[in-house]
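Atoms within each ligand, like the ligands themselves, are counted from 1 in listed order.
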Amino acid sequence: MERIIAACKSALANDGYVIALTGAGVSAESGIPTFRGKEGYWTVGSREYHPQELATHAAFQQMPWDVWAWYLYRRTVCRRAEPNAAHEALVRWDRAVGDRFAVITQNVDGLHRRAGSPDARTFPIHGDIELMRCANDCVPDRWPLPEGVPLLEKGQAVDEATRALLVCPRCGGMARPHVLWFDESYDEARFFLDTSRRLASGAALLVVAGTSAQTNLPWQVVTLAARAGATIVDINVEENPFGEIAAQSGGAVRGSAAQVFPALVSALI
Ligand code: OAD
């Protein structure tokens with residue numbers, strides 16, 4: 001850890017962005033199951049699905065209300081969770097660094113926002129479970145889920161009254177969860193693709209935490225930051241491909257985000 005703190009301090013002496021790239025592991029200690037952990041499964045009728053099978057546009061077209069039911073249940077889990085010490089440390093770091101700071105998050109749980117990270121410097125690249133948008137993409141706008149949409153429990157179906165609320169406020173067609181699905185692509189208007197690339201290309205320090213490195217844009221962020229000469233640090237309870245990249249740069253810490261982030265941030269601000 002001493003060596004990592006020293007590497008971060010020397011990176012902070014350079015101009016350039018200070019970026020935290022976060023994944024599901026950062027919210028694990030808030031009680032939200034990680035995506036690929038064993039609690040991530042999803043039951044429809046008598047069948048268990050892996051998220052990769054059902055978090056797709058194709059599945060939404062076939063069984064939209066089952067897909068909505070799963071997201072409304074996950075939203076309940078997120079609502080009942082509280083930000084943890086990792087989210088709070090990132091708010092402190094944001095306040096200390098200001099305009100040069102950014103959080104790029106794969107998490108749709110909104111915990112960075114609820115902890116106090118400012119919207120202007122927080123980029124949820126996989127969407128936000130509290131938002132919906134037009135299922136026909138009539139505009140890229142997102143809207144908060146209407147009041148009256150209930151907190152569904154696991155396995156609870158979406159009733160008729162709720163279905164009537166889950167419509168696009170602009171065209172009246174069906175709404176969908178504002179999340180990126182496995183058979184969809186990143187873009188700037190909805191998922192901050194260009195912003196993330198721009199930040200990464202100008203990074204001085206990139207701390208990656210709690211992600212298994214399975215998705216495309218986080219790879220681009222890490223690769224672009226490495227190419228820009230940024231110091232890269234990985235925080236994760238397990239080995240992962242970003243840890244190998246970080247090991248050649250700032251270093252990899254094998255520990256929990258809620259323990260490591262507060263220690264790292266306190267040493268740096
Ligand atoms: P994963 O569930 O794939 O990985 C979670 C990572 O967090 C693993 O590497 C764990 O070792 C690590 N981890 C678990 N607990 C931790 C803790 N307390 N502290 C630090 N690390 C911990 O989640 P993501 O990598 O975020 O995208 O998944 C990326 C994306 O995959 C998700 O956003 C989702 C899915 O495709 C979309 O839905 C588009």
Side-chain angles (χ1 to χ4, degrees), residues 1 4 20-42 49-60 67-68 70-71 73-75 77-78 81-90 103-112 122-131 133 176-187 190-193 196 207-222 233-247 251-265:
M1 190 73 175
I4 288 172
L21 171 62
T22 65
V26 167
S27 295
E29 283 151 288
S30 294
I32 300 178
T34 59
F35 228 83
R36 289 172 179 79
K38 46 184 184 315
E39 294 157 274
Y41 285 87
W42 182 353
Y49 290 86
H50 200 268
Q52 279 93 322
E53 293 176 85
L54 278 195
T56 62
H57 190 248
F60 184 73
V67 173
W68 256 121
W70 191 72
Y71 279 99
Y73 161 65
R74 285 191 55 111
R75 172 180 174 248
V77 173
C78 297
E82 295 296 332
N84 66 48
H87 301 102
E88 284 156 11
L90 289 175
V103 174
I104 298 175
T105 186
Q106 297 168 83
N107 300 340
V108 300
D109 55 39
L111 289 183
H112 287 299
T122 305
F123 304 101
I125 60 172
H126 290 168
D128 184 329
I129 206 151
E130 286 292 343
L131 303 179
R133 60 179 213 267
R176 57 166 282 176
H178 172 52
V179 291
L180 180 67
W181 284 326
F182 285 97
D183 52 355
E184 296 181 314
S185 325
Y186 294 100
D187 65 15
R190 303 175 185 86
F191 302 109
F192 306 103
L193 173 64
S196 300
V207 181
V208 186
T211 178
S212 61
Q214 303 290 318
T215 50
N216 179 278
L217 184 51
W219 267 104
Q220 292 192 46
V221 167
V222 173
V233 172
D234 178 65
I235 302 170
N236 198 306
V237 289
E238 289 176 4
E239 302 294 327
N240 75 89
F242 291 153
E244 288 163 33
I245 297 173
V253 196
R254 292 291 148 259
S256 94
Q259 287 181 351
V260 177
F261 260 127
L264 182 68
V265 170

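- For the pair E130 and R74, the salt-bridge criterion is not met [side-chain N within less than 4.0 Å of a carboxylate O].
- Taking a cut-off of under 4.0 Å to the non-hydrogen atoms of T211, the atoms of ligand 1 that pass are 6 (C), 7 (O), 9 (O), 24 (P), 25 (O).
- No close placement of the F182 and H57 rings is indicated, their centers lying 6.0 Å or farther apart.
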>> Show, in sequence, the C-alpha distance, side-chain angles and deciding distance for H87 and F261, and conclude whether the ring-ring contact (aromatic ring centres under 6.0 Å, His included) test is met.
In response: CA-CA 8 Å; H87 301 102; F261 260 127; 9.2 Å; no
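- Inclusion of Q106 in the set of residues having an N or O under 3.5 Å from an N or O of ligand 1 is warranted.
- N84 and S30 are linked by a side-chain donor-acceptor pair at a separation below 3.5 angstrom, with hydrogens and angles left out of the test.
- At least one cation-pi condition fails for R75 and W70: the charged atom is not both under 6.0 angstrom from the six-membered ring centre and inside a 45 degree cone around its axis.
- At least one donor-acceptor pair under 3.5 Å links the side chain of N107 to the backbone N or O of A24.
- Near A28, the atoms of ligand 1 lying under 4.0 angstrom from a non-hydrogen atom of the residue are 15 (N).
- On a distance-only criterion, G210 and ligand 1 share at least one N/O pair closer than 3.5 Å.
- We find that R190 and D128 are not joined by a salt bridge, their nearest charged nitrogen and carboxylate oxygen being 4.0 Å or further apart.
- For E29, a nitrogen or oxygen atom sits less than 3.5 Å from a nitrogen or oxygen atom of ligand 1, counting backbone and side chain alike.
- In W181, neither the side chain nor the backbone holds a heavy atom less than 4.0 Å from any atom of ligand 1.
- Using 4.0 Å as the threshold, V179 has no heavy atom nearer than that to any atom of ligand 1.
- The heavy atom nearest to atom 3 (O) of ligand 1, considering only S212, A55, P124, is found in S212.
- Between H178 and F191, the ring centre distance stays below 6.0 Å.
- Residue G23 has at least one heavy-atom neighbour below 4.0 Å for each of these atoms of ligand 1: 26 (O).
- Look at L180 and you'll find a heavy atom under 4.0 Å from some atom of ligand 1.
- The shortest N/O to N/O separation between N236 and ligand 1 falls below 3.5 Å.
- Residue contacts with ligand 1 for H126 involve side-chain atoms from C-beta outward but no N, CA, C or O (heavy atoms, distance under 4.0 Å).
- Within the 4.0 Å heavy-atom criterion, both parts of A257, backbone and side chain, lie near ligand 1.
- Listed here is the closest heavy atom pair of W68 and R176: CZ2-C, 3.3 Å.
- Considering backbone and side-chain N/O of T215, none are found under 3.5 Å from N/O of ligand 1.
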